Amino acid sequence: MIVILMGAPGAGKGTQAEHLKKDKGFLKISTGDLLRREIAAKTELGKRVEDIMSRGALVSDEILLQVMKKELDLSHGRNLVLDGFPRTVPQAEWLSSVAKISGVIHIDADREELTSRIAGRLVCTACEAVFHISRKPPKIANQCDKCGGALTTREDDSRERVLHRLDVYHRQTEPVLEFYRENALYFRIDGNGVESSVSGQIDMLLEKIGR
Ligand code: AMP
């Protein structure tokens, strides 16, 4: 089964992909995390994408297809959850040509909710766990509850860049939702609630998609 989680920045794709990994045994492919790892390791690919990502723009389809091809080859038929891919119609068309998608879950949240979540977001530099300064604070300030790693804010989470990312989402990624609606693979859920309520909606949909 291949499930795609879609939604604007801050909608909770990463958090819910982690839920499917931890509680449902899915293999999680998060293209944002993969690219950030390349940057941290200072690889050639990391150097090519660093500036683009920090500006909040999209990395080229050519690079993303290479990255995804490699990940899909390594997935060995496991149940997959995709977080952050596809983000453009050409990426979605390519994916349909190489894999059978079971369902696309659109986590839909209001703009004010998205911006306030991102404004307080903290990310672990070691294990990529996500916290929020007031809604999900770490037990010890600036330290990850899960692995003890240092918490940081993402460079592309600054207010100005978030507004740019929301605009990029509107122009380049929303047409992907239409693509999946036409293919009858699209399911929308309300992403405004707390983490557990969104997970509950996803779990119910999975039963429907899996049947
Ligand atoms: P995310 O962690 O999903 O918010 O992704 C962070 C950044 O990684 C995005 O703003 C893009 O610069 C880049 N990125 C991640 N996935 C993709 C994709 N499918 N296509 C293009 N760029 C991507």
Side-chain angles (χ1 to χ4, degrees), residues 2-21 28-41 43 45-72 80-99 101 104-109 111 113-115 117-132 151-177 179-180 191:
I2 301 183
V3 174
I4 299 173
L5 295 184
M6 292 198 57
K13 301 182 295 296
T15 303
Q16 297 303 331
E18 194 55 35
H19 157 64
L20 293 186
K21 175 179 166 184
K28 175 181 85 157
I29 302 180
S30 161
T31 45
D33 285 347
L34 286 170
L35 294 172
R36 279 186 288 276
R37 267 176 237 153
E38 297 286 335
I39 294 173
T43 63
L45 174 60
K47 287 179 198 154
R48 280 176 73 189
V49 302
E50 186 166 15
D51 181 52
I52 304 169
M53 283 179 69
S54 78
R55 283 190 280 114
L58 291 189
V59 174
S60 72
D61 288 341
E62 183 207 341
I63 291 181
L64 262 295
L65 299 198
Q66 273 175 28
V67 168
M68 275 307 290
K69 185 173 178 331
K70 198 165 133 203
E71 292 300 312
L72 290 176
L80 286 185
V81 54
L82 307 189
D83 156 28
F85 187 96
R87 257 180 161 100
T88 65
V89 171
Q91 290 179 14
E93 287 170 344
W94 172 81
L95 186 61
S96 293
S97 75
V98 297
I101 308 303
V104 177
I105 303 180
H106 173 200
I107 309 176
D108 196 9
R111 198 178 167 91
E113 180 65 21
L114 298 171
T115 47
R117 280 184 196 171
I118 293 179
R121 180 151 73 178
L122 297 167
V123 184
C124 176
T125 48
C127 77
E128 293 153 358
V130 179
F131 298 84
H132 188 278
L151 301 182
T152 184
T153 50
R154 277 171 51 171
E155 220 183 345
D156 60 351
D157 274 354
S158 71
R159 184 164 170 76
E160 172 202 319
R161 291 177 197 186
V162 167
L163 294 179
H164 180 59
R165 282 161 63 208
L166 288 172
D167 183 48
V168 167
Y169 175 77
H170 175 60
R171 282 185 290 111
Q172 294 183 266
T173 307
E174 277 181 355
V176 179
L177 298 175
F179 174 87
Y180 286 123

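Heavy atoms only: backbone and side chains are in, while hydrogens, waters and symmetry mates are out. First listed ligand is number 1; within each ligand, the first listed atom is number 1. Source: prediction; values computed, not measured.
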Hey, is Leu64 touching ligand 1 through its side chain, its backbone, both or neither, going by heavy atoms under 4.0 Å?
-> side chain
Contact region, Glu128 to ligand 1, non-hydrogen atoms below 4.0 Å, reads neither
Could you tell me the residue and atom name of the protein heavy atom closest to atom 10 (O) of ligand 1, and the distance to it rounded to 0.1 Å?
-> Ala57 O, 3.9 Å
Starting from atom 8 (O) of ligand 1, locate the nearest protein heavy atom and write down its residue, its atom name and how far away it is, to 0.1 Å.
-> Met53 CE, 3.2 Å
Would you call Arg37 and Glu128 a salt bridge, using N to O less than 4.0 angstrom?
-> yes
Top protein contact for atom 2 (O) of ligand 1, by heavy-atom distance | Arg36 NH2, 2.8 Å
Identify, for atom 20 (N) of ligand 1, the protein heavy atom at the shortest distance, and state residue, atom and that distance.
-> Gln91 NE2, 3.0 Å
Which one of Arg87, Arg161, Gln172 has a non-hydrogen atom at the shortest distance from atom 5 (O) of ligand 1?
-> Arg87
Any sub-3.5 Å donor-acceptor pair from Lys28's side-chain atoms to Ala17's backbone N or O?
-> no
Looking only at protein heavy atoms, what sits closest to atom 14 (N) of ligand 1 is Leu35 CD1, 3.8 Å
Check whether any N or O atom of Gly84, backbone or side chain, sits under 3.5 Å from an N or O atom of ligand 1, and answer yes or no.
-> yes
Shortest non-hydrogen pair, Gly84 vs Thr31, comes out as O-OG1, 3.1 Å
Provide, to 0.1 Å, the distance between atom 21 (C) of ligand 1 and the closest protein heavy atom, together with that atom's residue and name.
-> Val59 O, 3.2 Å
With Ile118 as partner, the option from Val162, Asp156, Thr153 fulfilling side chain to side chain contact (heavy atoms under 4.5 Å, CB included) is Val162
Side-chain donor-acceptor contact under 3.5 Å, Thr88 with Gln172 | no
Arg117 side chain vs Ala11 backbone, donor-acceptor pair below 3.5 Å = yes
Under 4.0 Å from one or more heavy atoms of Arg165, ligand 1 contributes atoms 4 (O)
Name the closest protein heavy atom to atom 4 (O) of ligand 1, giving the residue it belongs to and the distance to 0.1 Å.
-> Arg154 NH2, 3.0 Å
In Å and rounded to the nearest 0.5 Å, what is the NZ to CD1 distance from Lys13 to Ile4?
-> 12.5 Å
Looking only at protein heavy atoms, identify the closest one to atom 16 (N) of ligand 1 and say how far it is in Å.
-> Thr31 OG1, 2.8 Å
Could you tell me whether the side chain of Arg87 and the main chain of Leu58 form a donor-acceptor pair under 3.5 Å?
-> no
Cationic N near anionic O, under 4.0 Å, Arg161 to Asp157 | no
